[in-house]
Amino acid sequence: MRRAMNVRPGAGARLLLALLPFALLAAVYVLGSAERRAANPNDKLLPPISEMAATVGRLATEQDRRTGEITMVADTASSLRRLAIGLGCATLIGLTLGVAIGALPVVTAAGGPLVAVISMIPPMAVLPILFIVFGLGELSKVVLIIVGVAPPIVRDVTLAVQAIPSEQLVKAQTLGASSWTAVLRVVLPQITPRLIETVRLQLGPAFLFLIAAEAIASDSGLGYRIFLVRRYLAMDVILPYVAWITLIAFVMDFGLARLARSAFPWAYAEERR
Amino acid sequence: MSAITVENVWVEYGDQIVLENLNLEVASGAFLAIVGPSGCGKSTFLRMVLGQERPTRGRMLIDGEPLPDEPGPDRGVVFQRYSVFPHLTVLGNVLLAYELGRSRVFGRLFGAARREARDKAEALIARVGLSAHRDKHPSALSGGMQQRLAIAQALAKNPKVLLLDEPFGALDPGTRAQMHALIKPLWAKLGMTVVMVTHDLKEAFSLGTRVIAFDKVRHDPQAPGRYGARVTYDLDLTREGPVPVLGAVKPDIGAPWSVRVVAAG
């Protein structure tokens, strides 16, 4: 008998093993839903799949009578816009500050402790400040995402830059590099795969801050909708919306992972598979 | 093509003395091999020539001018590890050597300048025998090929001084012999001054025109950091030079061997 750590599933077995937990969860839900419906035909807690499908069909195809927009499309568009701007700005800030702090000892001395302290501020605690300063519009939601997500990106990029062997930077200098060209040609390309990995890991927190901001003050968005229909116990809307958000986040994560591997194959050459 | 002068150089880290009172005159075009036990300051010396570290006391001159205190294109280097850039192909690595110096804004060349640099890079790659692997990343190369690439990259700048920090230490004996066969004619043709740190005595004697050994001649068991290393052997291996004599070193070292002999007797 081989040790458990040496037993590797084949390709087919791996797919089967991946699908199994999902199938189990779905089965548990369907059974539970049927059970509750049998006891109480008006049960709202675990709506059957058919009912959720009908609701989604309505939300995703019919125009809202008040706004004239298709609810789910409008919600998704406004949430994704906030997320894209917030995450984009946070990535840009994280990359710029992280490289500067990691590559220039003077900036490390000046900015390192500041970033260490700022990243400890709970972003939700400053949300009221953001609402007061930036108003209840789009800006405060985007800023919340930036405040929440940029500091970890800064810190991770800094670590990635500092992890580049000093031999590489010395070698670049012996090849005639200035600080700027060394950053441009040696540091940046080497940390880009890690930056993508960091952004992947920050997708979860970014969604968290997005939905929190939307739940508190908004008139559109995926988080807004969920918290709006909560009052009516509309699980047939909430559950599909949660699934939809999860799917969006998963596709983004998967896309970034694929992008990193196809664009920077050298960075994954020694990955254990 | 440069002479290196070392005058009364001391290197100390806190109260740990690494090198004490080093005096050396390395002739232009020499192939200097430095040997010695681990931790005797060989690599520290190399890093000082490189400009990565500064002597605590004393001064270092290159062609009579004070050595710049940061690495520059006049001194090329090949490290034992991490010498090549993992994100670039073989061609990209050598090309980078031409691009970094000339393009101050983008660190990249375009158009005719790029084609010209590319031709030069390809010629260099052919010279170290890597033409067949031009488009591979270093992770796909063997250790020997990576070091050949690192040498090609360093030669692209046509440095006055080439520093080798145990460059072949991680290679198998066959590959190492190939590397020796590669580096010696390159050095003879280009005429640069080479400083090589190595653990391999055979390598030092087969490649070097001069071999020096660093070692601690005084030991204080209560304070291991009290005394630093000195040049204990300095052997001229050129035919024109005097016959190498073991222990033929500068008189400022004192006579550590006689002391040891007395102690042993």
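Just so we're clear, the structure is a prediction, and the values are computed from it rather than from any experiment.
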Query - Stepwise side-chain contact (heavy atoms from CB on, under 4.5 Å) check, A:Val142 with A:Phe134 - result: CA-CA 10 Å; A:Val142 169; A:Phe134 298 110; over 6 Å; no

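Contact of B:Glu99 with chain A is made through the side chain alone, with heavy-atom distances under 4.5 Å. Contact annotation for B:Phe79: only side-chain heavy atoms (C-beta onward) come within less than 4.5 Å of a heavy atom of chain A. Contact of B:Arg81 with chain A is made through the backbone alone, with heavy-atom distances under 4.5 Å. Contact of B:Leu163 with chain A is not made at all, since no heavy-atom distance falls under 4.5 Å. For a residue to count as touching a neighbouring chain, one of its non-hydrogen atoms must lie under 4.5 Å from one of that chain's; by this rule B:Ala150 touches chain A with backbone and side chain alike. Within the 4.5 angstrom heavy-atom criterion, no atom of B:Thr89 approaches chain A. B:His87 touches chain A through backbone and side chain together, each having a heavy atom under 4.5 Å away. When heavy atoms are compared at a cutoff of 4.5 Å, A:Ser166 approaches chain B solely by way of its side chain, counted from C-beta outward.
Atoms OG and CD, from A:Ser179 and A:Gln173 in turn, are 7.0 Å apart once rounded to the nearest 0.5 Å. The CZ atom of B:Phe214 sits 4.5 Å away from the CD1 atom of B:Ile34 when rounded to the nearest 0.5 Å.
Side-chain N/O atoms of A:Ser178 and A:Thr181 include a donor and acceptor closer than 3.5 Å. Side-chain N/O atoms of B:Ser131 and B:Glu122 include no donor and acceptor closer than 3.5 Å. Counted by atom type alone, B:Tyr82 and B:Gln146 present zero donor-acceptor pairs between their side chains at under 3.5 Å.
Between chain A and the residues B:Asp74, B:Val105, B:Asp165, B:Leu50, the most heavy-atom pairs under 4.5 angstrom are made by B:Val105. No other option in B:Ala97, B:Pro86, B:Ala140 has as many heavy-atom pairs under 4.5 Å with chain A as B:Pro86.
Between B:Phe110 and B:Phe106, the ring planes lie perpendicular to each other; the angle is over 60°, past the 30° to 60° tilted range.
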